[in-house]
Amino acid sequence: MPFIKDIIPVLILYVMGDTITTIYALETGLFYEGNPLPFHIFSTYGYNALIPLKLGFMLLMYHVYRNADRYYWNITRCSVSVIGLLATVSNTLTVLHG
């Protein structure tokens, strides 16, 4: 369970926060995906394709957890948490000001 304890901020901010706010913002029509790769995926498969993408990313995070030394693991999980925080805040502000 140390992996789960280590990634609680990632799960809250990057997985749940970003996923929920992105899907909601895209559904409102007030927001568009600016990144070309996710834009193409969403155009082809719909917004809910974000969920398997996030699950796949979590598998990648587990791989880093298992194979990187603790220093690089801490940098990775903190960076992903901050990215999740920024994405969640950005999406939320877009919806609130839209």
Side-chain angles (χ1 to χ4, degrees):
M1 290 299 255
F3 174 69
I4 298 298
K5 281 185 172 181
D6 275 358
I7 64 163
I8 288 173
V10 173
L11 291 172
I12 292 169
L13 297 169
Y14 181 76
V15 176
M16 291 173 42
D18 180 45
T19 301
I20 291 167
T21 59
T22 297
I23 290 173
Y24 182 79
L26 289 169
E27 289 288 329
T28 65
L30 302 171
F31 179 81
Y32 71 95
E33 180 58 57
N35 186 327
L37 182 59
F39 177 79
H40 176 71
I41 292 169
F42 295 158
S43 298
T44 305
Y45 302 105
Y47 305 138
N48 290 327
L50 186 57
I51 295 167
L53 290 174
K54 295 285 183 165
L55 292 174
F57 186 78
M58 294 312 299
L59 290 173
L60 179 63
M61 290 284 293
Y62 184 71
H63 175 75
V64 173
Y65 170 79
R66 297 281 297 173
N67 295 299
D69 67 32
R70 194 72 185 163
Y71 174 77
Y72 292 110
W73 166 242
N74 286 331
I75 290 172
T76 301
R77 70 188 180 102
C78 290
S79 298
V80 173
S81 295
V82 169
I83 290 167
L85 174 65
L86 294 174
T88 301
V89 168
S90 175
N91 293 343
T92 302
L93 291 175
T94 298
V95 169
L96 292 176
H97 290 29

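One-based numbering along the sequence shown. Hydrogens, waters and symmetry mates are skipped; everything else that's a heavy atom, side chains included, is used.
In this structure, OG1 on T21 lies 11.0 Å from CE on M16, to the nearest 0.5 angstrom. Separating the CG atom in L13 from the OG1 atom in T19 is a distance of 11.5 Å, to the nearest 0.5 Å. Distance check: K54 NZ to L11 CG gives 11.0 Å after rounding to the nearest 0.5 Å. If you take OH on Y45 and CG on L53, they are separated by 10.5 Å, rounding to the nearest 0.5 Å. Atom-to-atom distance recorded for S90:OG and I83:CD1 is 13.0 Å, nearest 0.5 angstrom. Considering OG1 of T28 and CG of L26, their distance stands at 7.5 Å, rounded to 0.5 Å.
The two residues Y65 and D6 have their closest heavy-atom pair at CE1-OD2, 3.6 Å. Summarising the geometry of T88 relative to G17, their closest heavy-atom pair is OG1-C, 3.2 Å, with the distance given to 0.1 Å.
Using a 4.5 Å cut-off between side-chain heavy atoms of Ile, Leu, Val, Met, Phe, Trp and Tyr, with links allowed through other members, I12 and V10 fall into different hydrophobic clusters. Residues L60 and V80 fall within the same hydrophobic cluster, defined by Ile, Leu, Val, Met, Phe, Trp and Tyr side chains chained together at heavy-atom separations under 4.5 Å. V15 and I4 fall within the same hydrophobic cluster, where Ile, Leu, Val, Met, Phe, Trp and Tyr residues are linked whenever their side-chain heavy atoms come under 4.5 Å apart, directly or through other members.
Applying the ring pair (Phe, Tyr, Trp, His ring centres under 6.0 Å) rule to F57 yields the partners Y14; only residues at least two apart in sequence or on another chain are considered.
In the displayed structure, Y24 atom OH is contacted under 6.0 Å by at most 12 heavy atoms of other residues, nucleotides or ligands. In the displayed structure, R70 atom CZ is contacted under 6.0 Å by more than 12 heavy atoms of other residues, nucleotides or ligands.
In this structure, Y71 and I75 have side chains that are in contact, with non-hydrogen atoms separated by less than 4.5 Å. Looking at heavy atoms from C-beta onward, V64 lies out of side-chain contact with R77 at the 4.5 angstrom threshold. Annotation: side chain of I41 is not in contact with side chain of E33 (no heavy-atom distance under 4.5 Å). Residues N48 and I23 are in side-chain contact: their nearest non-hydrogen atoms beyond the backbone lie under 4.5 Å apart.
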- [ ] Output, in order, the C-alpha distance, side-chain angles, deciding distance and verdict of side chain to side chain contact (heavy atoms under 4.5 Å, CB included) for W73 and R66.
- [x] CA-CA 9 Å; W73 166 242; R66 297 281 297 173; over 6 Å; no
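F3 and Y62 have their aromatic ring centers within a separation under 6.0 angstrom.
Judged by distance alone, the side chains of T22 and N91 do bring a donor and an acceptor atom under 3.5 Å apart.
Residue V82 is found in a hydrophobic cluster whose other members, listed by chain and number, are L86; membership requires side-chain heavy atoms under 4.5 Å apart, directly or through intermediates.
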